Amino acid sequence: MRDPREGTDRTALVEDLMQRFPHIPREAVLKEDLLRGGMAFDDSALSDTADKATGEVKPKSYFIFSFDHRTLPELGEAALRRPPEEIVLTGGPYDLARTVVSVRVNPSSPYRVQAGEDGALGLYLDGRRIADVGLPPMPDYYRHTLANGKSVMEVAPTIQWGYLIYLTVFRVCQYFGAKEECQYCDINHNWRQHKAAGRPYTGVKPVEEVLEALQIISDHDTLGASSAYTLTGGSITSQVQGKDEADFYGQYAKAIEERFPGRWTGKVVAQALPKEDVQRFHDYGIRIYHPNFEVWDKRLFELYCPGKERYVGREEWHRRILDSAEVFGPRNVIPNFVAGVEMAAPYGFHSVDEAIASTTEGLDFFMSHGITPRFTTWCPEPTTPLGKTNPQGAPLEYHIRLLDAYRSAMQRHGLSSPPGYGPAGAGRAVFSVSSFMDTLPAEEGAPVA
């Protein structure tokens, strides 16, 4: 059930949860609210960048999904002068440590990024300035283009304040239509809206272009901020360019590892594949495997992931995740779930208690095998079935209690923060689409991001 304060006085809701869960960093409470409900931007806070890296601020790259609460035509000026990829929050009345937040645009959000009377950017909630806002500087490698004129931002964008190179090499999904698409996912619509807007948005990225973009990053990332790459894209149920899913995504890993041996940690987000296919990922040079299980509850998985249920099935999906730990080692198998869809109407749980109990059951299942799931905070994109019926997303209380349950499960099973996500801890974390890394304890001697 939604808290009535979510539609009136958001400050009261946020501060109440900060008080009720004092062991959850207040940075994480604000970050989760921004991720689930989005933020509005004053024109003064936009990046002044369309499709070329000409400004001083690193623009939002739309690296796989839209992660917006409006379609591009509805974003107005924010569609022409892109918002930043991420923002960093500090200070304010909550004395926030450095907090990196992925930008999800919502013109109706009670949170607004704008310049104050002193000209400095701040985050405002209910009209009150609650944090200083820092914007990501345009990286030098974004200012260079490939030989064919494509931008590095289009081919190999970086997120998490430059930590992760996100290689969405297949921009559509072969789970297609109402009977197959995951009900919270807008990957196919995101591709269509960018093509309709005339933006560069390559459907299948040639291996040679990816290598050329990575060479530019390697040459100009002189401080070594980029530490990992993720290979991903839509699910492949048949073939792409004559290759099945393991070989299609694996060809990029093989080429990257041959050209740049050991430069970055290689990760792949793909379906839960049979063990022999997973072995090919490892042989190609991938070191971390993300076979996302999306939602734990059996009924909701069948309803929300109809294509995955039809082609693989929930029980087989989970069995394959466990099998993959024999290839990569349990610590390097990190399945994602979409936090919040558990409570999506009309089929989701009606109470936070029920939703947390279900998700915790899933956490305990995987963690008892040494596998550490992680999660992305659900953004209810307006073109998805669940986004249309749940424009406000899940209650903030659910997200805060999930952080609590997640950290408790990690402690219960003796696990530490998963590899490939940068440092853990409030003020250190760079993972930007969830607060789970902000909430986990910082490892002793870990550097501040």
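Keep in mind the model is a prediction, meaning the values are calculated, not measured. We use all heavy atoms of the structure for the numbers below, so side chains are in, but hydrogens, waters and symmetry mates are not.
Using a 30° and 60° split on the angle between ring planes, H318 and F365 fall in the tilted class, from 30° to 60°. Using cut-offs of 30° and 60° on the angle between ring planes, the pair F63 and F67 is tilted. The aromatic rings of F337 and F375 are tilted relative to each other, their planes meeting at an angle between 30° and 60°. Between F248 and Y252, the ring planes lie perpendicular to each other; the angle is over 60°, past the 30° to 60° tilted range.
Looking at S66 and D68, their side chains never bring a donor and an acceptor atom within 3.5 Å of each other. Using a 3.5 Å distance cut-off with no hydrogens or angles, the side chains of Q251 and D247 do not pair a donor with an acceptor. With no hydrogens or angles considered, no side-chain donor-acceptor pair links T384 and E381 at under 3.5 Å. No hydrogens or angles considered: a donor-acceptor pair under 3.5 Å links the side chains of Y141 and T158.
Using modelled atom types, one side-chain atom of E86 and one backbone atom of Q160 make a donor-acceptor pair closer than 3.5 Å. The closest donor-acceptor contact from the side chain of N106 to the backbone of G37 lies under 3.5 Å. Using modelled atom types, one side-chain atom of W317 and one backbone atom of N292 make a donor-acceptor pair closer than 3.5 Å. Counting only distance, with no hydrogens or angles, the side chain of R320 and the backbone of A272 share a donor-acceptor pair below 3.5 Å. Put simply, the side chain of D126 gets close to the backbone of R10: a donor and an acceptor are under 3.5 Å apart. Between the Q193 side chain and the T71 main chain, no donor and acceptor come within less than 3.5 Å of each other. A donor-acceptor contact shorter than 3.5 Å links the side chain of N190 to the backbone of I64. Judged by distance alone, with hydrogens and angles left aside, the side-chain atoms of S109 form a donor-acceptor pair with the main-chain N or O of G38 at under 3.5 Å. Judged purely by atom type and a 3.5 angstrom limit, E27 has no side-chain atom pairing as donor or acceptor with the backbone of G427. Listed for the R112 side chain is no donor-acceptor partner under 3.5 Å among the backbone atoms of A40.
No side-chain heavy atom of L231 sits less than 4.5 Å from a side-chain heavy atom of Y284. Looking only at side-chain heavy atoms (C-beta outward), V88 and V101 stay at 4.5 Å or farther from each other. Residues R331 and P419 have side chains in contact (heavy-atom distance under 4.5 Å, counting atoms from C-beta outward). The shortest distance between side-chain heavy atoms of H369 and P330 does not fall below 4.5 Å. Side-chain contact between C182 and C305 is present, with at least one heavy-atom pair separated by less than 4.5 Å. With a 4.5 Å cut-off on side-chain heavy atoms, E85 and S61 count as touching. At least one side-chain heavy atom of R280 sits less than 4.5 Å from a side-chain heavy atom of D244.
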For this session: Show your working on side chain to side chain donor-acceptor pair (under 3.5 Å) between K31 and T377 and close with a plain yes or no.
Result: CA-CA 10 Å; K31 182 171 175 174; T377 301; over 6 Å; no
For this session: Would you check, one step at a time, whether the test side chain to side chain donor-acceptor pair (under 3.5 Å) holds for Q271 with Y175?
Result: CA-CA 11 Å; Q271 296 190 85; Y175 290 136; 2.4 Å; yes
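The six-membered or imidazole ring of Y184 lies away from that of Y304, with a centre-to-centre distance of 6.0 Å or more. Ring to ring, F366 and F293 are close: their centroids are under 6.0 angstrom apart. Not less than 6.0 angstrom separates the ring centroid of F170 from the ring centroid of Y249.
By the 4.0 Å N-to-carboxylate-O rule, E258 lies close enough to K254 to be salt-bridged with it. Between E32 and R104 there is no salt bridge, since no side-chain N of the basic residue sits under 4.0 Å from a carboxylate O of the acidic one. Between D404 and R407 there is no salt bridge, since no side-chain N of the basic residue sits under 4.0 Å from a carboxylate O of the acidic one. The pair E342-R401 does not count as a salt bridge, with every side-chain nitrogen at least 4.0 angstrom from each carboxylate oxygen.
Judged as a salt bridge (Lys or Arg N to Asp or Glu O under 4.0 Å), the pairs with a partner in residues 161-171 (not counting sequence neighbours) are, in order, E154-R171.
Within the cation-pi definition used here (under 6.0 Å to the ring centroid, within 45° of the axis), K308 does not qualify as a partner of F301.
For R374, there are no salt bridge (Lys or Arg N to Asp or Glu O under 4.0 Å) partners at least two apart in sequence or on another chain.
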